[in-house]
Amino acid sequence: MPLSDMRAVLTAHRAVGAFNFVQLELAEAIVAGAERAGAGVVLQLSENAVRFHGGVAPAAAAALRLAEASTAPIVVHLDHATDVELVEEAIALGLPSVMYDGAHLDDAENVARTASVVARAHEHGVWVEAELGEVGGKGGAHTPGVRTDVDDAAAFVAATGVDALAVAVGSSHAMTSREASLDEGLIARLAERVPVPLVLHGSSGVPDSGIDRAIVAGMRKINIGTHLNVVFTAAVREALAADSAVVDPRTYVRPAREAVAAEVARLAGLISHGAAG
Ligand code: G3H
Ligand code: ZN
């Protein structure tokens, strides 16, 4: 299938699951999960994952080729880029979507830099997600106590021209248990006032029921990373425990890839089609 873009997958589904990958097998699992769910997904590569691979190109090129070969609509997205150079690199490689994360900056600087990234990206038809304040767990907006102010969010979108906005509503990055509780009233107020799709970061810590209610309240993109790592690593541990003499990585990576594909299929179905599937 030709590469998909964010506007198309958001239009086609009630919300879209956005899944982070670190290595090739996780990307393969996410694409397989999307195909099984019959749903479009976002296949996203964070700045941290880019640093791990020593550049955007190796992992982004793999993701783009997987997306093109898939029967599901897949949007390849650069996630949490704080470095404008990485955004430029992603645009040059043909990624249709980027997140510029200026949440660590003071508000005026965040507005100025985000607006400049948006202008540059839009010259190439690239979708830009941004963040106001920080979303806990990385020391900022997606921390449990942090909340996005509705008026600030509306003003930020108007001043920057961003296509989507990550907001802080009670989730926190890198949770390994699914017990976060979201402020659904705030999500509804944000959805009413902010004229672009809202993005929930740190969704690994949110249970299925909370994800469903967040979507009903107005969330459109649901970012999930850590939870897939938890599923992958648990399956690796199980496979290694079953055979202590194993040396071929395929022996433990194959069941881990399958476990993640099954979980992505389940989550993508919930997110895109609703709990009833
Ligand atoms: O941008 C990516 C996400 O916000 C993922 O967060 O690893 O806590 O699910 P998570
Ligand atoms: Zn995030």
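Counting starts at 1 for both ligands and their atoms, following the listed order.
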Q) Looking only at non-hydrogen atoms, which of Gly202, Ser203, Gly225 approaches atom 4 (O) of ligand 1 most closely? A)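 The residue whose heavy atom sits nearest atom 4 (O) of ligand 1 is Gly202.
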Q.
Name the residue from Glu131, Arg120, Glu129, Arg113 that meets the side chain to side chain contact (heavy atoms under 4.5 Å, CB included) definition with Tyr100.
A.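 Answer to the side chain to side chain contact (heavy atoms under 4.5 Å, CB included) test with Tyr100 among Glu131, Arg120, Glu129, Arg113: Arg113.
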Q: Specify side chain, backbone, both or neither for Ser204, according to which of its non-hydrogen atoms lie closer than 4.0 Å to ligand 1.
A: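 Answer for Ser204: both.
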Q. Any idea which part of His80 is under 4.0 Å from ligand 1, heavy-atom wise: side chain, backbone, both or neither?
A.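 For His80, only side-chain atoms sit under 4.0 Å from ligand 1.
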Q. Counting from 1, what ligand 1 atoms have a heavy atom of Asp79 closer than 4.0 Å?
A.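 Selected atoms, number and element: 1 (O), 2 (C).
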Q.
I'd like to check which ligand 1 atoms, numbered from 1 as shown, lie under 4.0 Å from a non-hydrogen atom of Ile224.
A.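 Near Ile224, the atoms of ligand 1 are 9 (O).
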Q) Would you call Glu184-Arg213 a salt bridge at under 4.0 Å N-O? A)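 Between Arg213 and Glu184 there is a salt bridge, with a charged N closer than 4.0 Å to a carboxylate O.
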Q. Taking just the N, O or S atoms of His80, which one is nearest to the Zn ion (ligand 2)?
A.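 When I compare the N, O and S atoms of His80, NE2 is nearest to the Zn ion (ligand 2).
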Q. For His201, what is the atom name of its N, O or S atom nearest to the Zn ion (ligand 2)?
A.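 Closest to the Zn ion (ligand 2) among those atoms: ND1.
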Q.
For a quick check under 3.5 Å, do His227 and Ser204 share a side-chain donor-acceptor pair by atom type?
A.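 No - no donor-acceptor pair under 3.5 Å links their side chains.
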Q) Is a side-chain donor-acceptor pair under 3.5 Å present for His13 with His273? A)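 Result is no, nothing qualifies.
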Q. Got an N/O contact under 3.5 Å between Thr226 and ligand 1?
A.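 In this structure, Thr226 places an N or O atom under 3.5 Å from an N or O of ligand 1.
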Q.
I'd like to know whether Leu267 forms a side chain to side chain contact (heavy atoms under 4.5 Å, CB included) with Asp208, so could you lay out the CA-CA distance, the side-chain angles of the two residues, the decisive distance to 0.1 Å, and finally the verdict.
A. CA-CA 8 Å; Leu267 286 167; Asp208 284 3; 3.8 Å; yes
Q: Please report the C-alpha distance between Val260 and Glu263 in whole Å, then the side-chain angles of each, then the deciding distance to 0.1 Å, and finally whether the side chain to side chain contact (heavy atoms under 4.5 Å, CB included) criterion is met.
A: CA-CA 5 Å; Val260 173; Glu263 185 62 352; 5.7 Å; no
